[in-house]
Amino acid sequence: MYRHLELRLAETISAFLKARFPAATLPAVVIEQPPKVELGDFAIPMFPFAKPLRTAPLKVAESIRDGIGVIEGIAQMTVAPPGYLNVTVDRVWMAAALASGQLLPAPGAAGKILVEHTSINPNKAAHIGHLRNAILGDTFVRLLRYAGREVDVQNYIDNTGVQVADVVVGFTYLEKKSRAEIEALTRQPRFDYYCWDLYARVSQWYERDKQNLQARAQVLHAIEDVSSETAAIADLISTAVVRRHLETMDRLEIEYDFLPRESEILHLHFWNAAFSKLKDAGVLTFETEGKNKGCWVMRRAGTEENTDNTERVEIEAEGLRIDTYASRNTEPTAVRATHIPTGTFVTSDTERTQHKNRERAMELLRSRLAEIKAEKISEEHQKVIVRSNGTVGYVGKDIAYHMWKFGLLGRDFGYRKFYRYPDNHDCWISTTEGEKNHPHFGDVAEIYNVIDTRQSEAQSTVIEALRELGHNEAADHYTHFSYEMVALTPRCAAELGYELSEEDRARSYIEVSGRKGFGVKADDLIDQLIASAKKEVDSRHPQLTDSERLSIAAQIAIGALRYFMLKFTKQSVIAFDFKDALSFEGETGPYAQYTVVRATSIFKKAGIDPEAFAKEAQGSMSSKHFGSFLNGENGDEFWGLWLTAAKTSYVVDQCVAATEPAYLAKHAFQLAQLFNTFYHRHPILSEADEGRRKFLLITVAIVRRELIRILEVMGITVPPVM
RNA sequence: GGGCGCGUAGCUCAAUUGGAUAGAGCACGGGAUUUCUAAUCCCGGGGUUGCAGGUUCGAUCCCUGCCGCGCCUACCA
């Protein structure tokens, strides 16, 4: 609603200025928000117009104010120093529009969107870092859907790598378990925890004796034969762990549509199809010498093709040795200059004097060093896609996979059903030969990959490959949704019983590591949050049954966790600490949930259904009456609440455009905060004035409805009581 | 060495992407009509936005150079 009016205002002013000053070329009208409600609802800086119009900013503002006439939904315009045109919305008009509850039609961007997130290696339990990924990804999916887009959710499963092989090594070499025994273990409730410990043990075992790495090589080799016992064990383990990951994420209301697996990318020869296209387009080149001899390489993303290095190389005196010797004639005029650090040397004997030979040798040495440097750079700029033994690396497979995503590969997966959610939604998984009837995945218009910032370079390389293949449009619609990692504070690590080095203790955070088994497991954290919430609920609502209290505690725990992961902007490293994560007060999910519960309890006490009341709200009060409150004594306060509620779709647009869900978290908190102040200041049910009571109730109904909607986009539901 | 990112209150983070007096939460100190349940609200102290320049009507934000920190920089996935 707010956004709609903003756009209309910008258009009207732009048209007015164009008509008024036909000769001038004017910049676009920018609309901002004033820092205070009293100043108005929109602020338009006049500074950019001052120069082209040769008029003082304040004068421009005045001419717009006096000349523009009536705009629907706008009540007044004021001029404010040092050069703003402040615009006040017709509060009654906007409130009526909001109360009507109709959502504006979505901008109508066509085409399906594919969001990929989670993608945990299926060899261990999910940890807090994975939670950030999944919660960011899932919330972004909800944001896109709120904005009216069609979205498929994928979770990529890398089930062929060394990590899975390592766990196989653990089971077969360290634990000497048979296939049947392992199969029995996979049916344990938290099989992924078992793998977590085992994986860490295997890493230690490798470290103790490098010879042990041979076990990994053997397992990797054995897995290649799909019919082998080892391959069956690897599949058993990875599939069981994937199922556990889905269960963990299901606890947080996170669902997937499709799980593409790396094993099918290999077995269905996606790479072969991609390889021939990449060769034909000249994206890959075959190296015949140098350190990458025998490999197919690609230019690394973000590097320049042209590396002619003409800049002068400086040679320091201590790195240089000059020898003179005699050649041809008896005079020692020939010079050999050696660059000691690199061992590079040149000789010169063509000049007549030693002095001249020395000068020439220096020049030769400089250019030789420059050449070496240039060669080195170009090698550094190479990314190996196909190894000299003919196998393809991770980036190559990723290129093929992304060609599939955009429907550019000419091949498809087989599909079968893998996991059914409580709401009967099916999650599909890739197979070589699948079921006949399956949904159509891939072939999408836009993709978002939620992957942490450490993978930025690999992601750019894939985008670059698409671009060089000539698929510019696909490359333009490929977004790496990049975010920073979750680390542990030294205090948190100490609490968990890890021994820290002096160095680590001094850091502000320490990176988690699955390989070392160092981190906080997702299910452990969820369990702790639930236990902590349950304690509160137990003491507050002893009259409820235990299962009721448990379900409320679970909702609160999820609210706390999801909000915690969303309130930080993507670029900020989350230094995880139990104290902050387990907090239910202040800027937290439970604060927002509690706000809704408060609103609900008003209606409960009054015996009114809040939903029905919100629907009727529009017609049940005259606009004159409405206006008397919105423009009256506490008008600014009431209006601030209404206006914030109206901004939701505007904030959602911002979140999508900037791939930044944190804006929505801030918005939820702001609205909740405004409501709580309002709640405290204005008793409603005891209000004697019938009309005023009704207005306050309508306000509560609208804010409640909006807040529920916002929380839903964040994947947070609200318990009946708290 | 190169690439990306960060540096804001005691701590953890914001700042509508260049706008009006840099804001929240936590922590700390003080207070709130016994109610629509206090998982709440109000008040208070706290800041040379790492340092030095530059760009302009205006810089936490853009540019340059330093200082400090993190990540990436494998024929591993």
Side-chain angles (χ1 to χ4, degrees), chain A residues 30 32-36 39 43 45 47-48 50-51 57 80-84 86 121 158 160-165 262 291-297 300-303 377 380-381 383-389 391 393-395 397-398 452-458 460 482 484-485 487 489 507-509 511 533 536-537 540-541 556 560 567-569 571-575 577 579-580 583-588 590-591 593-595 597-606 647 650-651 654 658 662-663 666-667 669-670 673 676-677 679-687 696-697 700 721-722:
Chain A
V30 176
E32 293 168 359
Q33 289 163 47
K36 285 185 198 165
L39 292 170
F47 312 107
K51 224 170 212 173
Y84 289 97
N86 288 337
N121 287 332
D158 180 1
T160 65
V162 292
Q163 311 90 341
V164 174
E262 182 151 295
K291 86 171 171 154
N292 293 333
K293 183 176 175 181
C295 299
W296 287 87
V297 303
R300 199 179 283 279
T303 58
I377 285 169
E380 265 172 21
H381 286 193
K383 178 73 198 166
V384 172
I385 305 297
V386 181
R387 302 178 194 113
S388 56
N389 66 6
T391 58
Y394 166 73
V395 177
K397 282 178 267 188
D398 220 22
D452 77 60
T453 180
R454 287 172 292 196
Q455 301 260 15
S456 293
E457 196 175 285
S460 327
S482 155
E484 265 293 355
M485 62 183 174
T489 60
R507 293 173 199 266
S508 52
Y509 52 82
E511 195 173 350
E536 284 292 324
V537 179
R540 285 161 202 250
H541 303 284
I556 293 169
K567 76 174 179 182
F568 301 91
T569 51
Q571 304 272 39
S572 130
V573 177
I574 297 182
D577 200 320
K579 183 174 113 353
D580 295 335
S583 164
F584 297 154
E585 287 165 21
E587 194 189 342
T588 65
Y591 175 88
Q593 290 171 311
Y594 182 67
T595 307
V597 169
R598 280 185 139 174
T600 308
S601 70
I602 296 173
F603 286 98
K604 213 181 275 171
K605 190 96 171 190
K647 278 181 185 170
Y650 171 76
V651 174
Q654 280 185 319
Y663 297 158
K666 279 279 174 300
H667 178 63
F669 179 62
Q670 206 190 341
Q673 217 175 19
N676 278 320
T677 308
Y679 173 92
H680 191 260
R681 219 176 277 174
H682 307 283
I684 294 164
L685 296 181
S686 60
E687 174 59 53
L696 293 175
L697 262 178
V700 175
V721 293
M722 276 178 79

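Computed from a prediction, not measured in an experiment: that's the story for all the values here. Lettering follows sequence order; numbering is per chain, from 1.
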Provide the distance between the two [atom1] atoms, one in [N] and one in [M], to the nearest whole Å.
N	M	atom1	answer
B:C51	B:U8	C1'	15 Å
B:G50	B:U56	P	23 Å
B:A15	B:A24	C1'	10 Å
B:C62	B:C6	P	8 Å
B:G25	B:C63	C1'	34 Å
B:U49	B:C11	P	16 Å
B:G7	B:U12	C1'	14 Å
B:G30	B:U17	P	41 Å

If only side-chain N and O atoms of [X] are considered, is one of them under 4.0 Å from the OP1 or OP2 phosphate oxygen of [N]?
X	N	result
A:T677	B:C42	yes
A:R681	B:U33	no
A:K666	B:A15	no
A:R540	B:A39	yes
A:Y679	B:A38	yes
A:Y591	B:C41	yes

Legend entry - Euclidean distance, A:I556 CD1 relative to A:M722 CE, rounded to 0.5 Å: 4.0 Å

Inset, instruction - Kindly compute the distance separating NE2 (A:H667) from OH (A:Y650), expressed to the nearest 0.5 Å. - result: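 Rounded to the nearest 0.5 Å, the NE2-OH separation comes out at 11.0 Å.
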
[X]: side chain to side chain donor-acceptor pair (under 3.5 Å) partners, not counting sequence neighbours:
X	result
A:D580	none
A:Q163	none
A:T595	A:N676
A:S583	none

In whole angstroms, how far is the [atom2] atom of [N] from the [atom1] atom of [X]?
X	N	atom1	atom2	answer
A:R454	B:C76	CZ	C1'	15 Å
A:R300	B:A74	CZ	C1'	9 Å
A:Y509	B:G7	OH	P	11 Å
A:F568	B:A15	CZ	C1'	16 Å
A:Q455	B:G5	CD	P	17 Å
A:M722	B:U40	CE	P	9 Å
A:E484	B:G5	CD	P	11 Å
A:Q571	B:C61	CD	P	16 Å

Legend entry - 5' precedence on RNA chain B between A:L685 and A:E32 (nearest-nucleotide basis): A:E32

Legend entry - Earlier contact from the 5' end, RNA chain B, for A:Y394 and A:Y594: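 The residue mapped nearer the 5' terminus is A:Y594.
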
Inset, instruction - Could you tell me which non-hydrogen atom of A:N86 sits nearest to which non-hydrogen atom of A:L39, and how far apart they are? - result: CB-O, 3.1 Å

Legend entry - Closest contact, heavy atoms only, A:Y591 versus A:G586: CB-O, 3.1 Å

Inset, instruction - Output all residues satisfying side chain to side chain contact (heavy atoms under 4.5 Å, CB included) with A:V297, sequence neighbours left out; order by chain, then residue number. - result: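 Once residues adjacent in sequence are excluded, the partners of A:V297 under the side chain to side chain contact (heavy atoms under 4.5 Å, CB included) criterion are A:T285, A:E287, A:N292, A:C295, A:Q382, A:V384.
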
NA contact type, [X], heavy-atom cut-off 4.0 Å: base, sugar-phosphate, or nothing?
X	answer
A:S601	sugar-phosphate
A:H667	nothing
A:I556	base
A:D398	nothing
A:K383	nothing
A:V573	sugar-phosphate
A:V537	base
A:Q654	sugar-phosphate
A:K397	sugar-phosphate

Inset, instruction - Identify, with sequence neighbours excluded, every residue that meets salt bridge (charged side-chain N to carboxylate O under 4.0 Å, His left out) alongside A:E587. - result: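 Counting only residues at least two positions away or on another chain, A:E587 forms a salt bridge (charged side-chain N to carboxylate O under 4.0 Å, His left out) with A:K666.
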
Legend entry - Listed partners of A:R507 passing salt bridge (charged side-chain N to carboxylate O under 4.0 Å, His left out), at least two apart: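 Listed in chain order: A:E503, A:D504.
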
Legend entry - Any N/O donor-acceptor pair, A:N292 side-chain to B:A74 base, under 3.5 Å: no

Inset, instruction - Answer with yes or no whether A:H541 presents, from its side chain, a donor or acceptor under 3.5 Å of a partner atom in the base of B:U37. - result: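 When only heavy-atom distances are counted, A:H541 does reach the base of B:U37 through a donor-acceptor pair under 3.5 Å.
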
Legend entry - A:K604 side chain near A:V721 side chain, heavy-atom distance below 4.5 Å: yes

Legend entry - Flag side-chain contact, heavy atom, 4.5 Å: A:V164 against A:N121: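 They are not in contact (no side-chain heavy atoms under 4.5 Å apart), so the answer is no.
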
Counting side-chain heavy atoms from C-beta on, which of [options] comes nearest to [X]?
X	options	result
A:S572	B:C13, B:C72, B:U40	B:C13
A:M485	B:G70, B:A39, B:A20	B:G70
A:L39	B:C76, B:U16, B:A20	B:A20
A:A658	B:U37, B:U17, B:G19	B:U17
A:K36	B:U21, B:A39, B:A32	B:U21

Legend entry - Glycosidic class, syn or anti, of B:U55 using a 90° window around 0: anti

Legend entry - Verify stack between A:Y663 ring and B:U16 base, 5.5 Å, 30 degrees: no

Inset, instruction - Please work out whether the ring planes of A:F47 and A:Y84 are parallel, tilted or perpendicular, with thresholds of 30° and 60°. - result: perpendicular

Legend entry - Watson-Crick or G-U pairs under 3.5 Å in RNA chain B, rendered as dot-bracket with [ ] for crossing pairs and | for another strand: (((((((..((((.....[...)))).(((((.......))))).....(((((..]....))))))))))))....

Are there any protein N/O atoms within less than 3.5 Å of an N/O atom in nucleotides 25-31 of chain B, and if so, which ones and at what distance?
residue	atom	partner	partner atom	Å
B:G25	OP1	A:Q673	NE2	3.4
B:C26	O2'	A:K579	NZ	3.4

